[in-house]
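Step one of this worksheet: look at the structure below.
Side chains included, hydrogens not; waters and symmetry mates left out as well; all remaining heavy atoms used. By convention here, the first residue in the shown sequence is residue 1.
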Amino acid sequence: MTSGVRADRPTTAAVEGRFARFRGRRVARVVTWAARVAGLLTVLSLLTPLLRRRLQPATWFGLPPEATLVGAVVVATLGVGLMMLATGLRRRKRRAWQLAVVACVVLIVSHLVGRHALVPTIVVALLLLGLLLTRREFTALPDPVGRLAAVRVVVQMLLGGFATVFLLLLVRPSLLAGVPSVEDKLAQAGLSLVGVSGPVQFRAGWFDDLTAVLGLSFGIAALVLGGYFLLRSSEPRPMLGEAEGNRIRELLARHGRADSLGYFALRRDKSVVFSPSGKAAVAYRVVAGVALASGDPLGDLEAWPGAITEFLAVCRRYGWVPAVLGCSEAGARVWLREGGLDALELGDEAVVDVATFSLQGRSMRTVRQAVSRIQRAGYETSARRVRDVPVEELGQLRELVSHWRGGPAERGFSMALSRIADGESDPDAVLVVATAEGAVRGLLQFVPWGSDGLSLDLMIRDPAVPDNGLNELLIADLLGACRGLGVDRVSLNFAVFRSALERGEKIGAGPVARLWARLLRTASRWWQIETLYRFNARFGPVWVPRFLVFDAVRDLPRIAVAAFEAEGYGGRPPALLRFLRRT
């Protein structure tokens, strides 16, 4: 036991590993900015009057004007490409490093051949030298199918642009000057992809502009999409295996009481990485290049550093952005200490103490009135462990929830299990069912939180039933039945930015606090921010802060998109997701 714990405590090797991560970040940051500067100077150099005078056929050893213009387009494209590659270099991707080296070599050759400005040439040469000297720091693996997808997309876009321009030239010959040959039209269509005028002359200037814009748009789209697929991080389809699920259950059996979100690690769409000793683990899902973990690491607190180190190593290996949704204050401290990350307060979790909860008193008046009203309407409830519910009834409840839901899946990621009434997987979960006139009208599902706690997973009701206190009845009756279930504490919904809403309502709140609270109330029209806070507050809970852990501030927009998509509130459009899955 002792040796296993020590294996995950900070050792000399762990300290050296953290120093190596810090050094790698510094190197990647310097190279990233160098690539941006080199690319920007390359593009700007093409706009200087001196260089425009030098971009004559004589400067390209007597090459024709078309070749001169193509060369300028290539230089500009490579400059823009370096700026695009900077994102991949920041994530220390090997493929981005390879492409950056090739781009630097081609740029240096083109600068020398074309006698371009001296400063961009020196900067690009220094960037090339830096890339070669730091090659060992760029080890992140690319998406294994990205290369084929990039080639396919580039070919499709170029062929699409070429065909579009060529067909326009064929169907509208009256807008062309003279009678250009098919070869001239083919050349015009091909050169339009790189923004260069071809041999075809036009009678209508607008038609010349149209074909040029269409061709160049397809060419730029081919460059951007090809670069994206070539550099994108892998996004594997997560599937929690049976063996991994059993190991997680063992950790929860020993240490599940520590975190109310621990049981949600058993979602089937999560992956998991274990510490070297196997006594701790981090469950996560990759969305849009972001590895999203939720809650605290599972298992022994002493083994958390080992699990965090392994998780961050996996993120570096594949170029993923690490992020943690909803970890506790203690968990955030470990993430910051071991991973060098940063934290932002995300909101508060509502935890109700069963021993002190009561519907009596002035503070419970709203809940008491709602419960009484709906009880008079004939509603009854039952609270049972899933293992105590007949199999036939479990199947009926699953079908009913699927009908109420009206969609493929329930929203949620960090505080949702993604399955309902599963007697084989979740026998210790608790179902609270409300019935009226012999029909089920509402349902709550709670998952285990250690041996003496419950955490709210699903809250759903018949859409035909108005919101007249049904949820209050279900929660109040569950809290009343907790003693018979051996439950001492219950975690309810998570209230995002609760403290900000509370501060904005206080007397003497500053203008920034009031403005932030007003923005959150406005956002509540689309997302249940204030609604959940008000609802949870009715039960007199203890508010437990939860945090978002991230690597850098610049990653927050990407993390927000990934989190919204994982939680089912938006993210990448469905059409884009279908396109990405096909490629």
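- Taking CE of Met415 as the start and OG of Ser455 as the end, the distance is 4.5 Å to the nearest 0.5 Å.
- To the nearest 0.5 Å, atoms CG (Leu261) and CZ (Arg546) are separated by 4.0 Å.
- Scanning both residues, Val282 and Ala293, for their nearest heavy atoms gives CG1-CB, 3.8 Å.
- The shortest distance between side-chain heavy atoms of Trp304 and Glu338 does not fall below 4.5 Å.
- Annotation: ring pair (Phe, Tyr, Trp, His ring centres under 6.0 Å) contacts involving residues 264-290, sequence neighbours excluded, comprise Tyr284-Phe311.
- The CG atom of Leu292 lies 9.0 Å from the CG atom of Leu548; values are rounded to the nearest 0.5 Å.
- The side-chain heavy atoms of Asp342 and Asp551, taken from C-beta on, include no pair separated by under 4.5 Å.
- Here Tyr318 pairs with Leu141, Ser234, Val314, Trp320 under the side-chain contact (heavy atoms from CB on, under 4.5 Å) rule; sequence neighbours left out.
- Side chain of Asp300 to main chain of Lys279: no donor-acceptor pair is present (N/O by atom type, distance under 3.5 Å, no hydrogens or angles).
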**Worked check of side chain to side chain contact (heavy atoms under 4.5 Å, CB included) between Arg36 and Leu40** = CA-CA 6 Å; Arg36 289 170 177 164; Leu40 181 61; over 6 Å; no
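- Side-chain N or O atoms of Asp457 include none that pairs as donor or acceptor with a backbone N or O of Val447 at under 3.5 Å.
- Here Phe547 pairs with nothing under the ring-ring contact (aromatic ring centres under 6.0 Å, His included) rule; sequence neighbours left out.
- The salt bridge (Lys or Arg N to Asp or Glu O under 4.0 Å) search around Asp269 returns Arg267, Arg285, not counting sequence neighbours.
- When every heavy atom of Val290 is checked against every heavy atom of Ala323, the shortest pair comes out as CG1-CB, 4.1 Å.
- Side-chain atoms of Trp449 come within 3.5 Å of backbone atoms of Arg257 as a donor-acceptor pair (strictly under, hydrogens ignored).
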**Asked** Would Leu131 and Cys104 count as a side chain to side chain contact (heavy atoms under 4.5 Å, CB included) if you check the C-alpha gap in whole Å, the side-chain angles of each, and the deciding distance to 0.1 Å?
**Response** CA-CA 10 Å; Leu131 288 169; Cys104 287; 4.1 Å; yes
**Message:** Using the rule given for side chain to side chain contact (heavy atoms under 4.5 Å, CB included), can you reason through Leu252 versus Leu266, listing the C-alpha separation, both sets of side-chain angles and the distance that settles it, and then say yes or no?
**Reply:** CA-CA 10 Å; Leu252 290 174; Leu266 292 171; 4.0 Å; yes
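- Checked by atom type and distance alone, the side chain of Arg94 pairs as donor or acceptor with a backbone atom of Arg135 at under 3.5 Å.
- Scanning both residues, Ala307 and Ser275, for their nearest heavy atoms gives N-CB, 3.4 Å.
- Qualifying side-chain contact (heavy atoms from CB on, under 4.5 Å) partners for Val213, counting only residues two or more places apart in sequence or in other chains: Ser217.
- With rounding to the nearest 0.5 Å, the separation of OG1 in Thr134 from CG in Leu129 is 9.0 Å.
- Looking at Leu89 and Arg92, their side chains never come closer than 4.5 Å, going by heavy atoms from C-beta outward.
- Partners of Val106 by side-chain contact (heavy atoms from CB on, under 4.5 Å), not counting sequence neighbours, listed by chain and number: Leu78, Val102.
- Residue pairs meeting the salt bridge (charged side-chain N to carboxylate O under 4.0 Å, His left out) criterion with at least one partner in residues 76-91, sequence neighbours excluded, are Arg90-Asp555.
- Qualifying salt bridge (Lys or Arg N to Asp or Glu O under 4.0 Å) partners for Arg419, counting only residues two or more places apart in sequence or in other chains: Asp426.
- Interatomic distance, Ile559 CD1 to Leu325 CG, rounded to the nearest 0.5 Å: 8.5 Å.
- Identified under the salt bridge (charged side-chain N to carboxylate O under 4.0 Å, His left out) test for residues 319-332, with sequence neighbours left out: Glu329-Arg333.
- When every heavy atom of Cys315 is checked against every heavy atom of Pro322, the shortest pair comes out as SG-CB, 3.9 Å.
- Within the 4.5 Å cutoff, no side-chain heavy atoms of Val80 are placed close to those of Ile220.
- Shown here are the side-chain contact (heavy atoms from CB on, under 4.5 Å) partners of Leu193, two or more places apart in sequence or in another chain: Leu158, Phe162, Phe218.
- Counting only distance, with no hydrogens or angles, the side chain of Arg558 and the backbone of Ala288 share a donor-acceptor pair below 3.5 Å.
- What you find for Ala38 and Val124 is that their closest heavy atoms are CB-CG2, 4.1 Å.
- Scanning all heavy atoms of the two residues, the minimum distance from Tyr263 to Arg249 falls at OH-NH1, 3.6 Å.
- Checked against ring-ring contact (aromatic ring centres under 6.0 Å, His included), Phe550 has no partners two or more places apart in sequence or in another chain.
- Looking at residues two or more places apart in sequence or on another chain, you find a side-chain hydrogen bond (donor to acceptor under 3.5 Å, both in side chains) between Ser294 and Lys270.
- Results of the side-chain contact (heavy atoms from CB on, under 4.5 Å) test with Pro297 over Leu251, Val324, Ile308 single out Ile308 as the only residue that passes.
- To the nearest 0.5 Å, atom OG1 of residue Thr42 and atom CG of residue Leu127 are 9.5 Å apart.
- Contact check for Val31 versus Glu137: no side-chain heavy atoms found under the 4.5 Å cut-off.
- Salt bridge annotation for Arg498-Asp348: present, with a cationic side-chain nitrogen under 4.0 angstrom from a carboxylate oxygen.
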